[in-house]
Every structure is written in structure tokens, then in C-alpha cells.
Protein chains: 2
Amino acid sequence: MWSDPVDQGVGLVSSTIGAITRLIREQDLMPGDRLPSEATLARDLQVSRTVVREAFRSLAAMRIIELASGRRAAVAPIDHGAMSLIIEHGVHTDQISIQQIYDVRRTIESRIVTLAALRRNEGEAQAIRAEAAAMRAAIDDPPALMRHDLAFHMGLARASRNPVFALIMGAFQGITAQTWPVGWRSRTSAAAREAMIANHENIAAAVAEGDPERAAAAMSQHFDDSVRALISAGLT
Amino acid sequence: MWSDPVDQGVGLVSSTIGAITRLIREQDLMPGDRLPSEATLARDLQVSRTVVREAFRSLAAMRIIELASGRRAAVAPIDHGAMSLIIEHGVHTDQISIQQIYDVRRTIESRIVTLAALRRNEGEAQAIRAEAAAMRAAIDDPPALMRHDLAFHMGLARASRNPVFALIMGAFQGITAQTWPVGWRSRTSAAAREAMIANHENIAAAVAEGDPERAAAAMSQHFDDSVRALISAGLT
DNA sequence: GAAGCCGAACCTGTATGACAGGTTTGCCGA
DNA sequence: TCGGCAAACCTGTCATACAGGTTCGGCTTC
């Protein structure tokens with residue numbers, strides 16, 4: 001029999017987390033379905049409400065359940081929020097470098113853009129192009145530009161039709177948002193900034209036209225530029 | 001100014017989580033460094049110890065800090081435990097399919113094995129080969145075989161010298177452990193089982209010899225086999 | 001008979017106090 | 001100087017209390 005990996009920490013809270021996840025699985029609860037109340041669980045599992053609450057908090061931190069005041073806890077849809085925090089923690093504690101993040105992103109986004117070119121529907125193609133256009137429009141408004149840049153890449157990830165790719169890309173969003181300004185500031189010339197926008201437009205066009213090779217090539221170009229920009233800014 | 005993504009849930013606990021992560025960053029705490037006691041934080045942040053405890057639990061769930069009875073909380077080294085649970089949750093709630101996991105794994109492990117062939121040191125090459133050998137030795141002991149299979153892939157990820165790859169691979173470990181027996185059972189013939197072991201040995205040899213192309217080709221072969229095995233077992 | 005309003009029951013968020021058991025630290029004795 | 005011991009500190013868990021949000025059924029009104 002499997003022992004839930006959470007049970008390793010042999011505390012009551014850990015066992016309770018295991019019991020709750022088991023409950024979700026055995027009852028085949030789907031996102032949106034509600035869990036028993038804290039008091040009910042406490043009674044059933046023979047622990048105090050404190051323990052159940054801490055278990056709930058732990059699961060909520062991983063976005064496995066959703067908590068809201070007054071309402072019962074509910075099973076949550078997958079969300080990259082927790083993974084984003086984990087990655088940020090790794091970077092801030094010097095366990096992960098920005099370069100390493102970019103190497104992984106290049107690997108994943110190469111595949112994403114290929115899949116997106118093959119699988120995207122009309123609406124997704126439109127949305128991706130719209131973000132690229134919005135980037136050009138916001139060329140003098142860095143915060144807005146960054147938002148559209150992030151949305152552009154998330155749109156690609158969604159168009160790949162594989163939620164795991166979207167999840168991983170989302171996990172990088174937090175740290176990317178923190179390093180993006182560095183890369184932008186290092187693009188001092190108007191030409192460099194123009195090129196950065198053009199890269200995105202090229203990717204969007206290739207995806208919209210359903211040309212995976214060109215899309216992958218354009219994405220590769222984009223990463224060459226971005227990594228060069230970050231290196232020239234002194235980011236290791 | 002940035003508002004921590006955690007602060008969205010406007011509760012006291014969420015703000016406290018934000019305050020603690022800010023503390024970690026501003027004081028440049030590294031893995032192993034200890035945090036203030038619950039009582040101290042409660043006093044400093046003007047909240048009850050209950051709130052601090054729930055915040056600690058949340059951070060511990062994401063493996064950002066480590067809790068232990070009697071000892072002060074400490075900053076944790078990055079760990080894939082939380083991400084593993086998140087992925088498992090996605091699969092169990094039908095938000096992610098096994099096929100999608102394998103598509104991501106193929107993408108990532110192709111790159112991992114290439115990097116590993118280029119960067120592995122002698123010890124890592126040795127360890128990877130040892131796991132492959134152990135797989136052959138455990139061909140009649142599925143649980144042990146699976147353990148060595150997982151360790152083999154994690155060894156490759158480590159040899160890529162990029163902790164983010166290792167982190168992502170680790171995130172798939174939990175769900176892989178749950179589906180592995182399905183793939184194994186679907187390999188009914190001795191030849192199919194032999195081929196599966198041989199694939200791993202080929203990968204290990206190519207990595208040890210520093211031949212990235214052959215390593216990537218062998219890994220691709222491995223995934224072709226594995227996906228075929230899972231499909232024939234009826235896993236969507 | 002149907003639609004809308006209202007209050008009671010239920011539930012979560014937070015605080016307080018208590019105590020058992022594990023950990024750390026510094027002092028004291030050998 | 002070294003080893004051990006005890007006190008201080010800290011976390012894990014429990015019980016209780018109460019404010020404020022949510023739900024749901026019944027009652028009123030049209």
C-alpha cells in the first residue's frame with residue numbers, strides 16, 4: 001500500500017492532510033465540489049479543529065483546495081500560484097539562477113510554440129496576435145508592455161492545449177515579472193526595443209499561419225535576444 | 001510597488017505569509033537559516049500566534065520553510081514535494097491526463113539527457129549506469145525496479161546541472177509512481193520487458209560516453225515505447 | 001401559486017489560554 | 001577543559017469564545 005508522501009512528517013496535521021487528499025480521491029471530488037466542514041472533519045478524524053484548519057491551510061497553499069470566509073472549503077482548479085512562489089523562493093535563496101530558468105523556458109517554449117502552431121484555434125491565434133499588437137502599442141509604457149508580454153507567452157502556453165505546459169509557464173511568471181524590467185532597461189537602443197517587439201509579432205504570425213518550424217525558429221530568436229539582454233545587464 | 005501575489009486573499013494569514021516571505025528576502029536568509037519564533041513574529045506583526053502558525057503551515061506546505069517540533073522554523077532547500085502533490089491533484093481531478101504528462105516529460109527529458117551527456121561528471125555517469133544495472137537486476141521485483149527507474153531519471157535530471165529540470169522531474173515523480181505499474185503490466189512479453197531495460201542502458205551508456213545525439217535518440221526511443229505501453233493499457 | 005425577503009442555523013476567521021513534550025543553552029561540577 | 005544537567009524556550013495540540021459571512025428554508029406579500 002502507498003503511504004502518502006505527506007505522511008512523512010508524522011505529525012497529526014500531516015496525517016490529516018493525507019486523510020483529506022484521500023477523501024478527495026476516494027469520493028472523486030472535482031473542482032468546485034465542497035468538502036465537509038472543519039468541525040465535521042475534526043469529529044470524524046478525531047482531532048481538534050485547530051489541526052483540521054492547519055491541514056486546510058496547507059492544502060490551500062498548494063491550491064489544492066480553496067478557502068473562503070463563511071463558505072465550506074472547495075476543491076480547486078489547478079493553478080500555478082503555489083509553484084510560482086516555490087520558484088521565486090529558489091531564486092531568492094540563490095538555489096536557482098535566472099539563466100537556468102531561461103534555459104528551461106527555452107526548452108519548454110520551443111515545444112509550446114510548435115504545438116500551438118499545430119493546435120491553436122482561431123480565437124487563440126487572434127488573442128496571441130492581439131497581445132503582440134498591444135505590446136507594440138505600449139512600447140512607451142513598460143509596466144503595460146510587460147503585462148502583455150507575459151500574457152502573450154501564457155496565451156501560447158494555453159494554445160498548446162496541454163495544461164501542464166501552461167502550469168509550468170505560469171510557475172515562471174512570478175520570477176519573470178521580477179526580472180523583466182532588467183532585460184527591458186538593458187535594451188537601450190530603439191532598434192533593440194523594436195526588435196524585441198518584432199520577435200513577438202513574428203511568433204504570433206507563424207502560430208496563426210500554422211507554421212511550426214517558423215514559429216519555433218522565431219521563438220529561438222526571441223530567446224537568443226532575451227538571454228543576451230539579460231547577460232549584458234549583468235544577470236548571471 | 002509590487003503586492004505579493006499571496007496578499008490577494010486579504011485575510012490576516014495571507015498578509016502574514018507575505019510579511020514572512022518579505023522577511024526572508026530582505027534579510028537574505030539562506031536555506032538552513034532560522035526564522036524568529038512564532039511568539040516573536042506574533043508580537044512583531046500584531047497578530048495572534050494562531051495566525052502565525054497557519055502562515056507557517058502554508059509556507060511549509062510549499063516547502064519554503066521547514067518546521068520541526070521544538071525547533072525554530074528554518075528556510076528550506078528547494079524540494080519537489082509540493083509540486084508533486086499539485087500535479088497529482090491535477091491528474092486525480094481529470095484536469096491533466098497522463099498523456100499530457102508524458103508529452104511534457106518527453107520534451108524536458110530530451111533536453112535533460114542532452115545536457116547530461118555534455119555536463120555529467122564521472123560520479124554522475126557512474127550513478128546513472130548503476131541505476132540502469134540495478135533495474136536489470138530487479139527485473140523480477142517490480143517495486144524495486146520502479147524505484148531504480150525513478151532514480152535513474154532523477155539522476156539524469158541532476159546531471160543536467162540545472163536544478164529547475166530536477167525540480168520539474170521531481171514534480172512528476174508522484175504521479176509517475178502511481179502509473180508506472182500500469183505500464184509495466186502492459187509489457188507482457190519478456191522481450192518487451194527486456195527492451196525497456198535495454199533502453200535505459202542505452203541512455204546511460206550514451207550519457208557516460210558524452211554523446212548527446214545518441215543519448216537524445218535513446219531517450220526518444222524510450223518514450224515511444226513507454227507511451228505505446230500506456231496506450232495499449234488503455235490509459236488516455 | 002410564485003417571487004422576494006428575512007432570520008436562524010451553520011460555518012469560517014481570529015484570539016486567548018493551557019499544557020505536554022522536544023530543543024537549546026548556559027552553568028556547574030569533575 | 002569537558003561532560004552533564006537543569007532551566008528557559010519553543011513547537012504541537014487542544015478547548016473555548018466570539019465576530020462576521022453564507023446558506024437555506026419558511027414566511028410574507030403580491
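This structure is a prediction, so every number in the text was calculated from the model and none was measured.
- Between A:V75 and B:H89 there is a side-chain heavy-atom pair separated by less than 4.5 Å.
- Across the protein-nucleic acid pair, B:I65 atom CD1 and D:dT11 atom P stand 10 Å apart, rounded to whole Å.
- The CZ atom of B:R72 sits 20 Å away from the P atom of C:dG22 (whole-angstrom rounding).
- Among residues at least two apart or in separate chains, ring pair (Phe, Tyr, Trp, His ring centres under 6.0 Å) pairs with a member in residues 126-175 of chain A are A:F152-A:H200, A:H153-A:H200, A:H153-A:H222.
- Side-chain proximity of A:R57 to D:dT11, D:dT13, C:dT14: nearest is C:dT14.
- Regarding A:L45, its CG atom lies at a distance of 13 Å from the P atom of D:dT13, rounded to whole Å.
- When the side chain to side chain donor-acceptor pair (under 3.5 Å) test is applied to A:T40, the partners found at least two apart in sequence or on another chain are A:S37.
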For this session: Test B:Q99 against B:S97 for side-chain hydrogen bond (donor to acceptor under 3.5 Å, both in side chains), laying out the working first.
Result: CA-CA 5 Å; B:Q99 288 283 347; B:S97 75; over 6 Å; no
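- Rounded to an integer number of Å, the gap from B:E54 CD to C:dT16 P is 14 Å.
- Listed nucleotides D:dG12, D:dC14, C:dT14 differ in distance to A:V47; the shortest reach to its side chain belongs to D:dC14.
- At a threshold of 4.5 Å between non-hydrogen side-chain atoms, the residues A:P36 and A:D44 do not count as touching.
- Distance B:F56 CZ to D:dC10 P: 12 Å, rounded to the nearest Å.
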Exercise. For nucleotides 17-24 of chain D, read 5' to 3', which letter fits each nucleotide if B means a protein heavy atom sits under 4.0 Å from the base, S means only the sugar-phosphate is that close, and - means neither?
Worked result: B---SSSS
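- Interatomic distance, CZ of B:R158 versus CZ of B:R119, reported as 15.5 Å (0.5 Å rounding).
- Distance CD (B:E38) to P (C:dG17): 17 Å, rounded to an integer number of Å.
- Each of A:S48 and B:A73 was matched to the nucleotide of DNA chain D holding its nearest heavy atom; the match closer to the 5' end belongs to B:A73.
- If you check every strand for non-hydrogen atoms under 4.0 Å, A:S37 touches sugar and phosphate atoms only.
- In this structure, CZ of A:R53 is placed 11 Å from P of C:dA15, rounded to the nearest angstrom.
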